[in-house]
Amino acid sequence: MKLLVFPHSHFCEKARWALDFKGIPFEPVAVMPGLHLRTVKKLAPKSTVPVLINGDEVVQGADEIIHYLDRCHPLRLLTPTDTDARDACLALEHSMDARLGENIRCILYQTLINYPKFICHCFTYPMPRLKQLAFYLIYPVLRRKIYQTYVVSDAFVDEARRNFDLAMEELGQRISQQEFMVNDQFTRADLSVAAMLSLIVLPPEHPFPWGGLPDPKAQAFLDLYRDHPVSEWVGKMYRDHRRHRPME
Ligand SMILES: N[C@@H](CCC(=O)N[C@@H](CS)C(=O)NCC(=O)O)C(=O)O
């Protein structure tokens, strides 16, 4: 199997983790942002990664990839078989993909796009040097696109911060009473929430070599949540359930 990714993306980490969790060998293929529009749209309806390619089969979206893997590799199921638990998992996953995943992306990109070297590392690790150089050429256009798509405006970022904080509070209450998000075992709900939050916790088991954030404002956002019970829970999910696999 091949997995098309942006190496640093939390949605891609979600799909990678599901594959690793099941012990399925795969080749992560980093796609160049901008050029990915053509590569990905040739294969799937939207332009987003992750995209899983298994022979003739193409699956787009981390959530769909987990459904697909559970169907084809039912060992270590991530989706509960019980209907109520399944519905609860999918509802939480769907909600937190947006409330955590999309908001974090908006908040962090607001300032990190001012650091081309870091953004280049995020998108092009581990591509050859020539592709990394090409990245710098397209960066001014890419930077504008990232701002328009994900950051939008300062007011949008403020709203993202409020929504993110509310989601963290809700999750904090949930895990104060139980070990896992839904029922009493590790499911796709735990994997999804932990993968979305991996961008603020930066757990050592995460396969991407972050090397620290270059921007004080982005770092201050991470620091706000460093000792949050949900961040500690994310660290535990990574320690207990993420099989480490280097990305190269
Ligand atoms: N709901 C999708 C979201 C994936 C997503 O937003 N991917 C971003 C990277 S984090 C992307 O590919 N953006 C490029 C684009 O939209 O063309 C999933 O779960 O996979």
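Remember, predicted model here, so these are calculated numbers, not experimental data. Start at 1 and go down the list; that is how both ligands and their atoms are numbered.
- For atom 16 (O) of ligand 1, the closest heavy atom belonging to the protein is Thr48 CG2, 3.4 Å.
- Summary of contacts: the protein heavy atom closest to atom 13 (N) of ligand 1 is Tyr150 OH, 2.9 Å.
- The aromatic ring centroids of His121 and Phe208 lie less than 6.0 Å from each other.
- For ligand 1, the atoms closer than 4.0 angstrom to any heavy atom of Ser47 are 15 (C), 16 (O), 17 (O).
- Counted by atom type alone, Gln110 and Asp154 present one or more donor-acceptor pairs between their side chains at under 3.5 Å.
- In this structure, the side chain to side chain donor-acceptor pair (under 3.5 Å) partners of Asn114, at least two apart in sequence or on a different chain, are Arg143.
- Closer than 4.0 Å to atom 1 (N) of ligand 1 lies none of the heavy atoms of the protein.
- Applying the 4.0 Å criterion to heavy atoms of Val49 picks out, from ligand 1, the atoms 4 (C), 5 (C), 7 (N), 8 (C), 11 (C), 12 (O).
- Contact atoms of ligand 1 toward Pro50: 20 (O) (distance under 4.0 Å to a heavy atom of the residue).
- The environment of CG in Leu130 is sparse: at most 12 heavy-atom neighbours from other residues, nucleotides or ligands sit within 6.0 Å.
- Looking at Trp210, its side chain never comes within 3.5 Å of a backbone N or O of Pro204 through a donor-acceptor pair.
- Taking a cut-off of under 4.0 Å to the non-hydrogen atoms of Gly61, the atoms of ligand 1 that pass are 18 (C), 20 (O).
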Let me check something: any side-chain donor-acceptor pairs from residues 80-94 under 3.5 Å, sequence neighbours excluded? List them with distances.
from	atom 1	to	atom 2	distance (Å)
Asp82	OD2	Asp84	N	3.3
Asp82	OD2	Ala85	N	2.9
Glu93	OE1	Arg188	NE	2.5
Glu93	OE1	Arg188	NH2	3.3
Glu93	OE2	Lys14	NZ	2.8
Glu93	OE2	Arg188	NH2	3.3

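- Checking Met196, Arg105, His36 against atom 10 (S) of ligand 1, the nearest heavy atom belongs to Arg105.
- Closest protein heavy atom to atom 20 (O) of ligand 1: Ala62 N, 2.9 Å.
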